[in-house]
Amino acid sequence: MLRVEDLHLSFGGIKALQGVNFEAREGEITGVIGPNGAGKTSLFNAISGFYTPDRGRVFFDGDDITALSPDKRAGLGLARTFQNIALFRGMTVLDNIKLGGHTRLNTGVWQALRYFGAAQREELELRREIEERVIDFLEIDHIRKYPITMLSYGLQKRVELGRALAMRPRVLLLDEPVAGMNREETADMARFILDVQEQFGTTILLVEHDMHMVMDICSHIVVLNFGQQIAAGSPAEVSRDPTVIEAYLGAAA
Amino acid sequence: MQFAINGLMSGAIYALIAVGIVSVYKATKVVNFAHGYLIMFGAYFYFTFAVIVPNQPWAPEWLASWNPEWMVEMREGLPMFSPMGAILDWAANVPRILLGLAGALVCNAIVGRIIERVLMRPLMGQSVFAMIMVTVGLISIMSGSAQLIWTADAANVPYIAPNTPIRFELFGSMIFLFGTDLVNMIIALVLFAAIVAFVRFTKGGIAIRATAEDQSTAYSMGISVPKVFSRAWVLASTTGAIAGAILATRNGISPSLGLFGFSVLAIVLMGGLDSYVGVFIAAMTVGVLEAMTQWKMGGNWAEIVPYVAVLVVLIWRPHGLLGQKEVERI
Amino acid sequence: MINANLKSSYAADERVLDNRYKQGFVYGSILLLALFTLFGSDYAILIGSQMGILLIAVVGINVLTGYTGLVSLGHGAFVAIGAYAVTIFNNVATGIIPAGIMPFLSLPFAVFLAAAVGVLVGLPSLRVKGLYLAVATLAANFIVIFLIEEELFAPWTGGMVGLTTNAPNFFGWVLDTKREMFGLIAVLGVLALLAAQNLMRTRVGRAFIAIRDRDYSAEILGISLLRYKLTSFAISAAYCGLAGALFAYFYARILPEQFELALSLQLVAALIVGGLGRTMGPVFGVIVIVLVPELIKITFGAVTGDAAGMAQLRAPLQEIAFGALLVLFLLKEPLGINQIVDRILRAANRWPFARG
């Protein structure tokens, strides 16, 4: 579904990615792990279009999207969340989630200025869909009118997931969805991620530090270290791989 | 050639004004839209202390016109309009020029400090947008107050340096300029260099640079950020005072001096907000371009040279000639 | 936060005036406006028209600065373009187009021309942000005014001395009194506010706010920065163009100096005082920004008894008051008067239960 081929990325002299190759298979959860500074977020930024790779290509559903701008990629059905929550702080939860529907709506400026008629119909349809498909699903109906700034960190993460879901994504990139959460919030989030995969059949690619969660929910894992892909495979294979153990624990004495 | 020289001379003054905007920006991340009005205040202060005060009845006579014995003697027997005469005229004005400069420096420093304390300090840590808008509000406050305080029309102000005409040949073409313009240029360049050196090499300058880099980290490393802020503002207002005095002698004093600040703002952005070198290059370029335009298309068109130049440069290089691109972390 | 107003459909929940107090406030205001048009004193009508014209422009600035987060210090230029476009169009087309339908062509022309120039001026916004944009627009303002004043174009623009303008003629109904003009301005002003509010509750408006709050996040949701920033510029310039056209209709003469930086700053100041990024912000802001200098004029006249020597002190005082107002709001209530009014309305909605 989503495939990267021989991805190279550097900033000045720093080589953030050096030849990353993997595929996130349709309908599965793929995890990307690696120590701090391994290039995980750079990889995400290259996939979503913020960084242009020096070499290599990104394929979405078989199409080469390496040259597309981020908003075009979003239009194809590529959604993501950010490591340090990137919600729109001046808006309510509801408006944030509604923004996820942006690419599916057609209201133009003229219709918007008039509102009544086509624009209103479309807005109400979006509202209904979001209420039923996102807000109920993520159990955030009690906070829909709250401004983002009033929410706890865990809830903000959930709203950000909601915003991505409102895009009806075919591929969902989650950048550290449970970072900084306590055990209960982590368990909730893991459950939501699994639910998304089951109910909507979304292909999910996630970066995470929480090893337990990654091992539990991912069917396929890619390990990065210093921008290089050092292993890939099922959770069981990866956790036995000596190079992975070395990267995480240091060389055996 | 003549135009290039004229251009470089006004360029140097642009650079001197620009240095105030850049310094404040470097330290506080605020672009001072009212800097032109700070300069206007400097000009008016210079006018006050160099013209109004010496002409008061209670002022000692030597202040208005200094005429010691030896000067009277030297003056005798000089032909009209001789270079020596011009120098002597200037010498007679030296006391009031010094008083004017000192007064402008001190008063402008106070004004700069007040602005920083009353308007900028309460907004510290808040959005930069609010701070910039405060400087926009300051434009009206300052231009209004200037009209209230200095209702009288500005008379001639004494030149800072002897105004002898100088004529020489350069690359086969005749160059003609006034001594005072030359001295102005030198003052502007020396001050510019001094400030750049200050920010580059001294402890105070390093504090400014550290603050520019990361306010909260600088604060936690023991740098008093409020002190850096007020130092930057005082630096800007004092250089503004000198620039104001120079402009007062060149263009006369009027409330429209404040508008000058906007063309300099354009120059600053052209050079890159945080780059002294870039701003210097931009100031010189605009100075020369202006002189060229004046020559080819007439004085009116010269007015918009900085604005056209900044638009062209911004479209080509969004952060100015040598400005640092802000790296966005996602 | 209390949300005490029960709704039973999404349509009801999507309404803008979702409680009785807001409805009362808005419908009451419109009623008052109608009464005012009929019975207001000539002086009040004059002030009201000034406010109305300014309001339309400030609503435009609000779309750009308040919602999209792009700062412009050059919107006076678009007001100028609107004013000059409508007048020049009229002068050129007289005799070709019947007078009675002229405004139906010249007004849209002015609005579209302003929008087109808006897109042009907005181009740097794609590459530069914040400050750089503020200065770029400021530069554009200077250039536009310069071109209007320039002798080369004086045959059309009148150069420094400006142009005499004419009253609009709608199918033979010439709006040649200030009161009739006020009626037109009031209707267009209300429509302008309504259109802006509508914009903000659809996809387009949300995209603007998204760009303001976090542009990269907006991109990831499929919002094209290029398209929406330029759209925002075009809409705000169009509003200013309309304001300019009304300005030209309202006054007998237009001069280039009326559209200089001072106007651009006034627009931004009105927005900040009223409330950035709020629908009613421009309304409150414009009322204050027009009334305060007027009040100063009245009290000043009363105190000094119009002594000749003192009159020249009035303009600087007004200028200072204007700046002080802006600074005061930035320091004390950055969200503007709208925030204060909101607080009161919210308290009224909850009364007698909770406060604050």
Side-chain angles (χ1 to χ4, degrees), chain A residues 45 48-50 69-82 85-91 94-96 98-109 111-116 119-120 122-128 130-131 143-148 150 160 163-164 166-167 173, chain C residues 1-3 5 7 9-16 18 59 63 66-69 115 191-228 230-232 234-235 238-239 276-278 335:
Chain A
N45 283 337
S48 51
F50 286 118
S69 64
D71 58 286
K72 294 265 171 46
R73 298 185 195 203
L76 292 176
L78 179 69
R80 78 173 276 191
T81 65
F82 292 87
I85 304 165
L87 288 167
F88 305 109
R89 302 179 71 84
M91 287 189 230
L94 191 58
D95 279 339
N96 263 283
K98 275 182 180 174
L99 264 160
H102 185 86
T103 51
R104 279 182 289 121
L105 305 183
N106 304 310
T107 306
V109 174
Q111 288 169 332
L113 289 169
R114 281 202 310 274
Y115 186 70
F116 296 99
Q120 188 182 29
E122 197 177 65
E123 283 297 313
L124 290 178
E125 174 57 28
L126 173 71
R127 174 75 189 269
R128 195 187 56 74
I130 281 175
E131 290 283 352
I143 54 164
R144 61 162 83 84
K145 289 287 177 75
Y146 280 29
I148 295 301
M150 280 178 68
E160 205 186 8
R163 189 178 67 182
M167 294 172 72
L173 310 180
Chain C
M1 183 179 272
I2 298 176
N3 204 337
N5 300 288
K7 284 142 191 140
S9 71
Y10 294 137
D13 199 38
E14 291 279 311
R15 293 183 62 160
V16 176
D18 58 355
V59 171
V63 170
Y67 292 119
T68 321
L191 286 180
L193 273 176
L194 185 69
Q197 175 62 49
N198 283 341
L199 194 66
M200 294 334 287
R201 56 174 167 160
T202 55
R203 159 179 194 262
V204 183
R206 277 196 302 269
F208 288 163
I209 303 182
I211 292 174
R212 175 191 73 189
D213 283 359
R214 214 176 277 255
D215 52 1
Y216 63 83
S217 198
E219 256 184 305
I220 219 73
L221 296 173
I223 296 167
S224 156
L225 295 185
L226 171 106
R227 190 150 147 212
Y228 279 92
L230 289 186
T231 306
S232 180
I235 292 175
Y239 269 104
L276 211 59
R278 316 293 290 268
L335 295 175

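Chain identifiers are assigned alphabetically (A, B, ...) following the order of the sequence lines, protein sequences preceding nucleic acid strands; residue numbering begins at 1 within each chain.
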statement: Heaviest contributor of heavy-atom pairs below 4.5 Å to chain A, chosen from S9(C), A195(C), A234(C), is A195(C)

message: To the closest 0.5 Å, what do you measure between OG (S217(C)) and CZ (R89(A))?
response: 12.0 Å

message: So for T231(C), is it side chain, backbone, both, or neither that comes closer than 4.5 Å to the heavy atoms of chain A?
response: side chain

query: Checking heavy atoms, do the side chain of I235(C), its backbone, both or neither come under 4.5 Å from chain A?
result: side chain

query: Measuring heavy-atom distances to chain A, does Y67(C) have an atom under 4.5 Å in its side chain, in its backbone, in both, or in neither?
result: neither

- line: Taken to the nearest 0.5 Å, the spacing of L221(C) CG from H102(A) NE2 works out to 8.5 Å

- prompt: chain A: which of Q197(C), R206(C), R212(C), E219(C) shares the most heavy-atom pairs with it under 4.5 Å?
  reply: R206(C)

message: Could you go through T202(C) and E123(A), starting from their C-alpha distance and side-chain angles, then the distance that decides it, and tell me whether this counts as side chain to side chain contact (heavy atoms under 4.5 Å, CB included)?
response: CA-CA 7 Å; T202(C) 55; E123(A) 283 297 313; 4.0 Å; yes

Evaluation steps, side chain to side chain contact (heavy atoms under 4.5 Å, CB included), between L199(C) and L113(A): CA-CA 5 Å; L199(C) 194 66; L113(A) 289 169; 4.0 Å; yes

query: Is the NZ or CZ atom of R15(C) positioned over Y115(A)'s six-membered ring, under 6.0 angstrom from the centre and within 45° of the axis?
result: no

query: Using non-hydrogen atoms only, which part of M91(A) is less than 4.5 Å away from chain C: side chain, backbone, both, or neither?
result: both

Inter-residue atom distance I220(C).CD1 - R163(A).CZ, 0.5 Å rounding: 9.0 Å

